[in-house]
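What follows is one structure encoded as structure tokens, with my remarks underneath.
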Amino acid sequence: MRRFVTDRARRAVAASLRAATRPAPPSPAAPARALSRPSPSATSAMASYMARAMSTSAAGAPPVSLDTINPKVLEFKYAVRGEIVTHAQNLEEELHKNPESLPFDEILYCNIGNPHSLGQQPVTFFREVISLCDHPALLDKSETHALYSSDAIERAWQILDKIPGRATGAYSHSQGIKSLRDEIAAGIAARDGFHASGDNIFLTDGASPAVHMMMQLLIRSEKDGILCPLPQYPLYSATITLHGGSFVPYYLDEETGWGLEVDELKKQLDEARSKGITVRALVVINPGNPTGQVLAEENQKKIVEFCKNEGLVLLADEVYQENIYAEDKQFHSFKKIARSMGYTDDDLPLVSFQSVSKGYYGECGKRGGYMEVTGFSADVREQIYKVASVNLCSNVSGQILSSLIMNPPKAGDESYESFMVERDGILSSLARRAKALEEAFNSLEGITCNKAEGAMYLFPRLHLPQKAIGAARAAGSSPDAYYALRLLQATGIVVVPGSGFGQAPGTYHFRCTILPQEDKIPAIISRFKEFHEKFMDEYRDGASTSSKTESVSDKTGSGGDKTTGSGGDKTASGGDKTESGGD
């Protein structure tokens, strides 16, 4: 086969060379003999082309390889679906083939915010409306009224009546169906107490495409930077890398419950600018992923003021706005904060992201979400719409679901009471799970864990013995990844190493979701505790240490991963090549 390819290439090049040397018709402006042979440059180019073609064909090199794809794709990593998860999937296959082959009977995926995959049930009202919209013929059947709530039927009619041809399988407006955008805007206005317009809503397939769109809009070159938190949700580092920008990290303060200090923002902004980076935007994740903190209102006001004074776009990731567990905390959107301070569209460009994948709904597979875009000029908004138009539209079922989560059943509706039972049941259970895991982690030697005030995760810190750090280095792994792999192999529990999210130099963490069903939490705690105690005994340093005493690496930062979570981004702090990961 290789010989055939080589001969074919040789014949093609020879034919091309003959065509190039064939005499052309005489020109009145030049003697005929001047055209009887190719110029030296043409002969040289053809010879070079022949050599390359024959070399490539003879070597059998594929037209696409790791050497020829976009280097930015190679540059970023996404640890939440990385090596540890791949290994977990292999172990799961092994369990199916031979259930007695491993020291556990199931894989417990605590690595990703995917509620329904771990047993959470969908909210009945939402699914009723979606099913009726997807199959409108049900609305004409008498038995439907016995199977569906009356308000679900009424809502489906309202939605379908505003969709041309009642065709949920057709393309929609690229920004999303207008009536659904208006419903979302009404929900935002009811939440915040300030006006919202459907014209500012862009419906997307989850929040991630919206983030991509904004990075496409803002990043012109590697000289453009985006301020992002560490630890962070690595969608941001990944998209910054893919779009050729610079990741500018700011550190959350673990000692103050993952606090976001404006002084830290200013320090990192000034440092980036001193290196020639034009910082375009600030990303704030509230409630935090992977850290679970909920920002105080006064803190948010300082952040808004900082963005206004420094001329930054505020990118507010607010997808966990329904997931608040701390009794003394409340979610406030950044738009509400800005409007309460008297700022209008003329004062601050602000983009807020929301998704149907989180909250109490957890509809990750439906791929619904939106961004509310305010503070941009009309001509810039036209460019955002143009970017959205490239994808034609987001999926219509996701659009419908996005409108439903912002306009759920209200008091007096037939579904209201059952809806509230489902909603409150899910959220209260998540709060209990978060507390149980937090207490379990804090009871163990060598682990400290901040309280999960919101979101779906805990981000415990590992205070590892020096011997464990050395063993990880010898294995060519970061210490937290080494720990996570050992945990998986011993228990079947899947977590994500903290290096996948970025962490302060010399510190080690892992992210664990609170999403396994409540009846599985005791078994997870038991398995985890048994593993951790054995791990600490195996690698215990000779000297006596307090359970909360940091290792030498923790104290000094020596030997620790200098991880920024930038996914290999060119960072304003030196361009570390690092991992990212996590949904």
Side-chain angles (χ1 to χ4, degrees), residues 69-78 171-176 181 199-229 232-249 272 277-285 307 311-319 334 345 348-355 357 367-395 398-399 402 565-572 575 580 583:
I69 66 173
N70 185 343
K72 293 181 176 62
V73 174
L74 292 174
E75 201 173 343
F76 83 89
K77 296 182 181 180
Y78 207 69
Y171 289 136
S172 76
H173 187 282
S174 292
Q175 202 169 327
R181 288 187 278 126
D199 293 336
N200 293 333
I201 305 297
F202 287 77
L203 286 158
T204 52
D205 290 322
S208 298
V211 172
H212 272 281
M213 288 168 62
M214 293 315 301
M215 296 305 173
Q216 282 180 300
L217 183 82
L218 295 172
I219 294 172
R220 300 164 294 183
S221 74
E222 63 183 12
K223 289 296 185 180
D224 283 334
I226 308 293
L227 267 167
C228 295
Q232 56 122 7
Y233 171 40
L235 164 69
Y236 294 98
S237 57
T239 53
I240 291 167
T241 299
L242 286 171
H243 295 298
S246 289
F247 182 95
V248 182
I277 302 295
T278 300
V279 179
R280 307 297 311 280
L282 168 68
V283 172
V284 180
I285 306 173
C307 288
L312 302 178
V313 178
L314 177 52
L315 301 176
D317 184 331
E318 299 176 338
V319 302
F334 271 100
D345 282 0
L348 179 73
L350 169 64
V351 183
S352 305
F353 304 105
Q354 169 65 314
S355 171
S357 300
R367 308 313 300 139
Y370 68 82
M371 61 179 177
E372 183 186 18
V373 178
T374 58
F376 290 81
S377 63
D379 53 349
V380 172
R381 285 172 53 83
E382 287 180 10
Q383 299 307 307
I384 299 174
Y385 178 74
K386 182 171 70 174
V387 173
S389 298
V390 172
N391 293 322
L392 298 177
C393 71
S394 59
N395 82 87
Q399 293 186 34
S402 295
S566 62
D569 302 322
K570 298 181 175 70
T571 72
S580 65
D583 282 353

Report the C-alpha distance between Tyr233 and Asp317 in whole Å, list the side-chain angles of each, state the deciding distance to 0.1 Å, and finish with yes or no for side-chain contact (heavy atoms from CB on, under 4.5 Å). CA-CA 10 Å; Tyr233 171 40; Asp317 184 331; 4.1 Å; yes

Before you tell me yes or no, could you show the steps for Val351 and Phe376 under side-chain contact (heavy atoms from CB on, under 4.5 Å), namely the whole-Å CA-CA distance, both residues' side-chain angles and the distance that decides it to 0.1 Å? CA-CA 10 Å; Val351 183; Phe376 290 81; 3.7 Å; yes

Applying side-chain contact (heavy atoms from CB on, under 4.5 Å) to Thr239 and Ile219, what does each step give before you reach the verdict? CA-CA 10 Å; Thr239 53; Ile219 294 172; over 6 Å; no

side-chain contact (heavy atoms from CB on, under 4.5 Å) between Ile285 and Val283, intermediate numbers included: CA-CA 7 Å; Ile285 306 173; Val283 172; 4.2 Å; yes

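Between the side chain of Thr278 and the backbone N or O of Asp224 there is no donor-acceptor pair closer than 3.5 Å. Looking at Gln354, its side chain never comes within 3.5 Å of a backbone N or O of Ser402 through a donor-acceptor pair.
Leu348 places a side-chain heavy atom less than 4.5 Å from the side chain of Cys307. Residues Phe202 and Pro209 fail the side-chain proximity criterion, which asks for heavy atoms closer than 4.5 Å. Put simply, the side chain of Met371 reaches to within 4.5 Å of the side chain of Ile384, judged on heavy atoms. Between Val211 and Leu315, every side-chain heavy-atom pair lies at or beyond the 4.5 Å cut-off. In this structure, His243 and Leu218 have side chains that are not in contact, with every pair of non-hydrogen atoms separated by 4.5 Å or more. Counting heavy atoms from C-beta on, the side chains of Glu372 and Leu350 never come closer than 4.5 Å. Contact check for Arg280 versus Arg220: side-chain heavy atoms found under the 4.5 Å cut-off. Residues Arg181 and Asp199 meet the side-chain proximity criterion, which asks for heavy atoms closer than 4.5 Å.
We find the CZ-CE distance between Phe353 and Met214 to be 6.5 Å, quoted to the nearest 0.5 Å. The CZ atom of Arg381 sits 9.0 Å away from the OG1 atom of Thr374 when rounded to the nearest 0.5 Å. For the atom pair Asn395 CG and Ser172 OG, the distance stands at 9.5 Å (nearest 0.5 Å). One finds the OH atom of Tyr370 at 7.5 Å from the OG atom of Ser352 (value rounded to the nearest 0.5 Å). Taking CG of Leu203 as the reference point, atom OG of Ser174 lies at 11.5 Å (rounded to 0.5 Å). To the nearest 0.5 Å, atoms SG (Cys393) and CG (Asp205) are separated by 8.0 Å.
A donor-acceptor contact closer than 3.5 angstrom links the side chains of Gln399 and Ser394.
In plain terms, the two heavy atoms of Phe334 and Glu318 that are nearest each other are N-OE2, 2.9 Å. Summarising the geometry of Gln175 relative to Ile201, their closest heavy-atom pair is NE2-O, 3.0 Å, with the distance given to 0.1 Å. Ser355 and Gly206 make their closest contact through OG-CA, 4.4 Å (heavy atoms, listed as atom of the first residue, atom of the second, distance).
Between His173 and Tyr385, the two ring planes are tilted [angle within 30° to 60°].
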